[in-house]
Amino acid sequence: MSTERRARRSLPIFEQKSALRTDGRRDFVVPADVQGRFTRIRYVVFAILIVVYVALPWLQVNGHPAVFLDVQHRAFYLFGATFNAQDVWMVFFLLSGVGFLLILATALWGRIWCGYACPQTVFLEGIYRRIERAIEGPRNRRMLRDERGLSFARIWRKVLKHALYIALSFLVAHVFLSYFVSIPALFDMVRKQPGEHPEAFAWAFGMTALMYFNYAWFREQMCVVICPYGRLQSVLTDPDTLVIGYDTQRGEPRGKATAKSKGDCVDCGRCVAACPTGIDIRNGLQLDCIGCAACIDACDEIMDKLDRPQGLIRYDSLNGLTKEPRRFWRPRVYLYGALGLLGLAVAAFAVQGHVPFEANLLRLQGAPYLLEGDRVRNAFELHLVNKRGEPTTFTLAGMVDEDLEYVLARTSITLPSLAAHRVPVFVLGPNDGRARKIRIRIDDGVEPRIVEGAFVAPR
């Protein structure tokens, strides 16, 4: 280890103001363990989200996984609803609604998504760092062991930790893959040679490598350097947004616990040591803050030991921290809420109007009609798509017409879920130049439908 790096590591952790130094180089953050109400809430939320993530591919709804995105066959199953590639346009409105509601949540409660529900935080803090703490011990012990250089104790802990990281990344990657190939297909692929399913193997290997790199080394840099959402918080929040802040009026000037005429902050650096991005929240609201509330629990713990009121660092608005009144309802809240509800309403309306099957009568390429003596023949094909989650039998019939005669290649057809089929249709009519409508009835046993087309004849 270089002298410069040893010197940086030997500094008290509260002198490190961020995971990134001013020259752009990184200081690896080793956050301290904290206990408290917000930490407990976060771990409960993490556990629920991880269980949901793992369970969705296993949970069956109407005979299909609750979430199954079969991109290869362009079949998508979401909580009992069935969609195909033609329904992808609905995703725009769904994502728009969810996106604006996330923006609304940011305007009201800051980066609560980052601290409690973002997959980066959920897996890093909920699993990977807990493994690290269980194997390498508390923060001070880990840093001291690293300072002493290579040793047997350090090596076996590092090897075990990274072996578990790789195994965990492998499992998480395969759970992710199961959303796209289904659990039975995934088990079948795992039992076979990689060459039999090279695409799935490549995705699993790539996702494993990416997750291991991210959670074993990159960590907070994903939030600080890569994630665009963190960059947007400065334009989505205002002085009335609930954020994590330090009460300077109460905490300053800092001094020892026994010093008189000093604020409540004893400059212990515990809030900085607990921060997963290495910032000092006492410097004000910062881009690197992910709203995890670790600094609140750390500071409350110190305040309890000093028999002082909690809340020196707390959830509050910038106005609240300066004793100004906080507004909950304000123009941006109305705007973001309206846009979010509009997107969700359009998506709900589109899903509500989702038809159980599609039927289109298409004219075949070539001449629009053929003359057969005193009769005219038109050629079509009926394009059927079963959009239900189970096989469906369709009965086809031309509507009774004294002038038109229908010839269908098939009058009954059974289609699997999201399968499509084209049925040739020939219509014969008199050559008298009159305009006529072609009408074909499709009966699925639940909701019959009639498709129409124009009968073309010479004038």
Checklist entry - Quick check, are the ring centers of Y116 and F38 under 6.0 angstrom apart? => result no
Checklist entry - With distance as the sole test, does T241 use its side chain to make a donor-acceptor pair with the main-chain N or O of A107 at under 3.5 Å? => result yes
Item to check | side-chain contact (heavy atoms from CB on, under 4.5 Å) between V67 and Y77, intermediate numbers included | outcome: CA-CA 6 Å; V67 177; Y77 303 92; over 6 Å; no
Checklist entry - Salt bridge or not for R42 and E125, using N-O below 4.0 Å? => result no
Next on the checklist: Has D297 got a side-chain atom pairing as donor or acceptor with T39's backbone, closer than 3.5 angstrom?
Outcome noted: yes
Checklist entry - Donor-acceptor pair, D300 side chain versus M303 backbone, under 3.5 Å? => result no
Show which side-chain atoms of residues 79-94 pair as donor or acceptor with protein atoms under 3.5 Å away, not counting sequence neighbours.
{"from": "T82", "atom 1": "OG1", "to": "G389", "atom 2": "N", "distance (Å)": "3.4"}
{"from": "N84", "atom 1": "OD1", "to": "Q86", "atom 2": "N", "distance (Å)": "3.2"}
{"from": "N84", "atom 1": "ND2", "to": "Q86", "atom 2": "OE1", "distance (Å)": "3.0"}
{"from": "D87", "atom 1": "OD1", "to": "K387", "atom 2": "NZ", "distance (Å)": "2.7"}
{"from": "D87", "atom 1": "OD2", "to": "N84", "atom 2": "N", "distance (Å)": "3.0"}
{"from": "D87", "atom 1": "OD2", "to": "H354", "atom 2": "NE2", "distance (Å)": "3.2"}
{"from": "D87", "atom 1": "OD2", "to": "K387", "atom 2": "NZ", "distance (Å)": "3.0"}
{"from": "W89", "atom 1": "NE1", "to": "Q86", "atom 2": "O", "distance (Å)": "3.3"}

Checklist entry - When you measure from the side chain of N386 to the backbone N and O of P416, does any donor-acceptor pair fall under 3.5 Å? => result yes
Checklist entry - What are the two closest non-hydrogen atoms of C271 and D280, and how far apart are they? => result SG-OD1, 4.4 Å
Item to check | Backbone of A457 reached by a side-chain donor or acceptor of R436 within 3.5 Å | outcome: no
Checklist entry - Quick one: CG on L408 to CZ on F426, what's the gap to the nearest 0.5 Å? => result 10.0 Å
Next on the checklist: I'd like to know if the side chain of T411 reaches the main chain of L396, judged simply by a donor and an acceptor atom lying under 3.5 Å from each other, with no hydrogens or angles considered.
Outcome noted: no
Item to check | Separation between CZ of R422 and NE2 of H383, rounded to the nearest 0.5 Å | outcome: 4.5 Å
Item to check | Enclosure of E372 CD (heavy-atom neighbours >12, cutoff 6.0 Å) | outcome: yes
Item to check | Atom of I183, atom of S178 and distance for their closest heavy-atom approach | outcome: CD1-CB, 3.5 Å
Item to check | Side-chain touch F394/R449, heavy atoms, less than 4.5 angstrom | outcome: no
Checklist entry - Does a donor on one side chain and an acceptor on the other come within less than 3.5 Å for N62 and E390? => result no
Checklist outcome for this item: Looking only at heavy atoms, the pair that brings R327 and P331 closest together is NH1-CD, 4.5 Å
Next on the checklist: Would you say that D70 contacts F76 through its side chain, given a criterion of any heavy-atom pair below 4.5 Å between the two side chains?
Outcome noted: no
Item to check | pair D240-R330: side-chain heavy atoms closer than 4.5 Å | outcome: yes
Next on the checklist: Take a 6.0 Å sphere around CZ of R74 and say whether it holds more than 12 heavy atoms from other residues, nucleotides or ligands.
Outcome noted: no
Checklist outcome for this item: Result for side-chain contact (heavy atoms from CB on, under 4.5 Å) between V29 and one of Q221, E220, R219 points to E220
Checklist entry - Within the side chain of T121, is there an N or O that forms a donor-acceptor pair under 3.5 Å with the backbone of C114? => result yes
Item to check | NZ/NE/NH1/NH2 to OD/OE distance under 4.0 Å, E136 and R157 | outcome: no
Next on the checklist: Is there a side-chain contact between Q120 and Y215 in this structure, where contact means two heavy atoms from C-beta onward sitting under 4.5 Å apart?
Outcome noted: yes
Next on the checklist: Could you check whether atom CZ of F213 has more than 12 heavy atoms from other residues, nucleotides or ligands sitting under 6.0 Å from it?
Outcome noted: yes
Checklist entry - Are R434 and D403 close enough that some pair of their side-chain heavy atoms sits under 4.5 Å apart? => result yes
Next on the checklist: I'd like to know if the side chain of T393 pairs up with that of T414 as donor and acceptor (distance under 3.5 Å, no hydrogens or angles considered).
Outcome noted: yes
Item to check | side-chain contact (heavy atoms from CB on, under 4.5 Å) between K158 and I155, intermediate numbers included | outcome: CA-CA 5 Å; K158 296 289 185 185; I155 291 174; 5.9 Å; no
Next on the checklist: Taking P356's backbone N and O only, do any of them form a donor-acceptor pair with R388's side chain (distance below 3.5 Å, no angle check)?
Outcome noted: no
Checklist entry - Within a strict 4.5 Å, meaning less than it, do heavy atoms of the L102 and W113 side chains meet? => result yes
Checklist entry - Should we say atom OH of Y53 is surrounded by more than 12 heavy atoms from elsewhere, each under 6.0 Å from it? => result yes
Item to check | Minimal non-hydrogen separation, R142 against P31, with atom names | outcome: NH2-O, 3.7 Å
Next on the checklist: Whether the side chain of Q72 engages the backbone of V181 through a donor-acceptor N/O pair (distance < 3.5 Å, no angle test) should be reported.
Outcome noted: no
Checklist entry - How many angstroms lie between CG in L104 and CG in L236, if you round to the nearest 0.5 Å? => result 10.5 Å
Item to check | Side chain proximity check, R282 to C295, heavy atoms < 4.5 angstrom | outcome: no
Checklist entry - Can you tell me how far CG of L335 sits from CZ of R332, rounded to the nearest 0.5 angstrom? => result 9.5 Å
Next on the checklist: Between K323 and D247, does any NZ, NE, NH1 or NH2 come within less than 4.0 Å of an OD or OE carboxylate oxygen?
Outcome noted: yes
Item to check | Minimal non-hydrogen separation, V451 against I442, with atom names | outcome: CG2-CD1, 3.7 Å
Next on the checklist: Check whether Y43 forms a cation-pi arrangement with R130 (NZ or CZ under 6.0 Å from the six-membered ring centre, at most 45° off the ring normal).
Outcome noted: yes
Next on the checklist: For Q352, I'd like to know if atom CD has over 12 heavy atoms of other residues, nucleotides or ligands within 6.0 Å.
Outcome noted: no
Item to check | Gap separating the CG atom of L341 from the CZ atom of F100, nearest 0.5 angstrom | outcome: 11.5 Å
Item to check | Value rounded to 0.5 Å, distance of CZ in R410 from NE2 in H421 | outcome: 5.0 Å
Item to check | Side-chain heavy-atom pair R129, P276 within 4.5 angstrom cut-off | outcome: yes
Next on the checklist: For D33, is there any backbone N or O sitting under 3.5 Å from a side-chain donor or acceptor partner on Q35?
Outcome noted: no
Next on the checklist: Could you go through I127 and V122, starting from their C-alpha distance and side-chain angles, then the distance that decides it, and tell me whether this counts as side-chain contact (heavy atoms from CB on, under 4.5 Å)?
Outcome noted: CA-CA 8 Å; I127 302 181; V122 170; over 6 Å; no
Checklist entry - Can you name the nearest heavy-atom pair linking P458 to L371, along with the distance? => result CG-CD2, 3.9 Å
Next on the checklist: Before you tell me yes or no, could you show the steps for H197 and D188 under side-chain contact (heavy atoms from CB on, under 4.5 Å), namely the whole-Å CA-CA distance, both residues' side-chain angles and the distance that decides it to 0.1 Å?
Outcome noted: CA-CA 10 Å; H197 301 281; D188 182 65; 4.3 Å; yes
Checklist entry - Would the Y128 and F123 ring centres measure less than 6.0 Å apart? => result no
